[in-house]
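Order of appearance sets the numbers: ligands from 1, and atoms from 1 within every ligand. Position 1 is the first residue of the sequence, and the numbers go up from there.
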Amino acid sequence: MNMYNEPKLIIDWDDEDKDYMLNGSTSWKSPSNLAIIKYWGKYGNQLPQNASISLTLDAAHTETTLEYYYAVPDSDWIEFYYDDKEMPAFAQRIERYFESLTEIFPFIKQFDFRIHSKNSFPHSSGIASSASAMSALALCLCDMERTYFRTLKDDQDFYKKASYVARLGSGSAARSVLPGWVEWGENSVDENFSNLFGTRVTEIHESFRNMRDAILIVSKKEKSVSSSAGHQLMENNAFAAPRYHQANERLGILMKALKEGDWATFGRIAENEALTLHALMMASEESYILMVPNSLKMIEEIRKFRKESGVHVYFSLDAGPNIHLLYPDNFKDEVHRFIKDTLLDLCVDGRIIYDQVGKGPQKLA
Ligand code: DP6
């Protein structure tokens, strides 16, 4: 049963303003995010096995336009274009996603859709795009609901539902609809935290509010294991139970560090979470090694630079080989020099995305 089981959201085509209602479009720009406490392991209908917390990014984002037309029998339900190129395989995935949303948005069966999407980061840069892509789509659908039914007027209701719907497309997308630092998953630290949607964390020290994240592209290859397959491998992983416990325990410690500006604690947890994620994948029954030699070289260099300079600079990784370099804004000159002198040559084609904590999604004109 959905939290949003809404049979009333059906358009009465005899309505007086039928003509204006027949078609339209909505466009949203939505960012990717980087989890510091990782979500890895899920159950039921896209529910996380442990709480996670992430920073919403800024430069790495997706822009999506959802065009909707009064449904014509026997036409394609969904057409999907990525960078103006038709992608039938993606259209099928979105069709399955929309099908799963018909209790929440019964009206989507009354329309045909054409979706145009593009990412700010190159397609084959190894950056996971499901968080930004699915959150952008969820925002478009909530916006459509708001237009037709005059619901979700209050921003809080709007983004809560968008996060809920985004989660059903991709778990990490639940965190991308909100700005700054976002928690997702029940945890004793705060009774408002939910498995169903993300919650913004606002007690954040200045130095973490504008933290920087330089994404160092070490490989452009597609991931060798999809996140969904990776989550599934946790089901038989011998370390699963202690891992979920560890993540839930860490949440409170990390939140305190974020509030107090305690970079040493933050860095210790961030690096350990990234390596734990990779260790879990290596220890799965079907084992994956997602780092490449240059990922390890960078990790060594980062630790060496930190020790020698005393600068707070730490790394994180997603389920891939690329390194996220995390550092305070006021050390950017030193860190950028270090990147140029030492890390740039280890990046593929010298590719780096200079990103930072972002302000969340944006409706486009
Ligand atoms: C390693 O959200 O991509 O990035 O729910 O199956 O779509 P699905 O998984 P996904 O998993 C993200 C895993 C991660 C960690 C994180 O973002 O918390």
Residue-ligand contact R175/ligand 1, heavy atom below 4.0 Å: yes

Ligand 1 atoms in contact with S130 (distance to a heavy atom under 4.0 Å): 3 (O)

Ligand 1 versus L34: contacting region, heavy-atom distance under 4.0 Å: neither

S172 contact mode with ligand 1 (heavy-atom cut-off under 4.0 Å): both

Nearest neighbour in protein (non-hydrogen) for atom 4 (O) of ligand 1: D318 OD1, 3.3 Å

Protein contact of atom 6 (O) of ligand 1 - nearest heavy atom, named by residue and atom, plus distance: K42 NZ, 2.8 Å

Derivation and outcome, side-chain hydrogen bond (donor to acceptor under 3.5 Å, both in side chains), residues N237 and R243: CA-CA 10 Å; N237 190 308; R243 159 61 195 159; over 6 Å; no

Test of proximity, Q46 against ligand 1: N or O pairs below 3.5 Å: yes

Ring pair (Phe, Tyr, Trp, His ring centres under 6.0 Å) between Y244 and Y43, intermediate numbers included: CA-CA 12 Å; Y244 303 144; Y43 70 97; 9.1 Å; no

Under 4.0 Å to a heavy atom of L277 - the qualifying atoms of ligand 1, by number: 1 (C)

F113 and F98 aromatic ring geometry - parallel, tilted or perpendicular at 30°/60° bounds: perpendicular

Whether W28 and F158 hold their rings parallel, tilted or perpendicular, with breakpoints at 30° and 60°: parallel

Nearest-neighbour protein heavy atom for atom 3 (O) of ligand 1, which is reported as residue plus atom name and distance: S227 OG, 3.1 Å

Neighbour count >12 (heavy atoms, 6.0 Å) for atom NZ, K363: yes

Nearest neighbour in protein (non-hydrogen) for atom 7 (O) of ligand 1: S170 OG, 2.7 Å

Cationic tip of R167 above Y164 ring, under 6.0 Å, 45° of axis: yes

Distance-only donor-acceptor check, side chains S117 and T64, under 3.5 Å: yes

S228 N/O to ligand 1 N/O under 3.5 Å: yes

Residues K256 and E260 bridged, charged N to O under 4.0 Å: yes

Non-hydrogen atom of R167 closer than 4.0 Å to ligand 1: no

Residue part near ligand 1, for S52, under 4.0 Å between non-hydrogen atoms: neither

Protein heavy atom at shortest distance from atom 15 (C) of ligand 1: Y39 O, 3.4 Å

Summary of ring-ring contact (aromatic ring centres under 6.0 Å, His included) pairs that have at least one residue in residues 179-201, sequence neighbours excluded: Y39-W184

Side-chain donor or acceptor of N50 paired with backbone N/O of N248 under 3.5 Å: no

Sub-4.0 Å atoms of ligand 1 with respect to non-hydrogen atoms of A35: 16 (C), 17 (O), 18 (O)

G171, any N or O under 3.5 Å of ligand 1 N or O: yes

For atom 11 (O) of ligand 1, the protein heavy atom that lies nearest, with its residue and separation: H231 NE2, 3.0 Å

Heavy-atom donor-acceptor pair, K38 side chain to L317 backbone, under 3.5 Å: yes

Under 4.0 Å to a heavy atom of W40 - the qualifying atoms of ligand 1, by number: 1 (C), 13 (C)

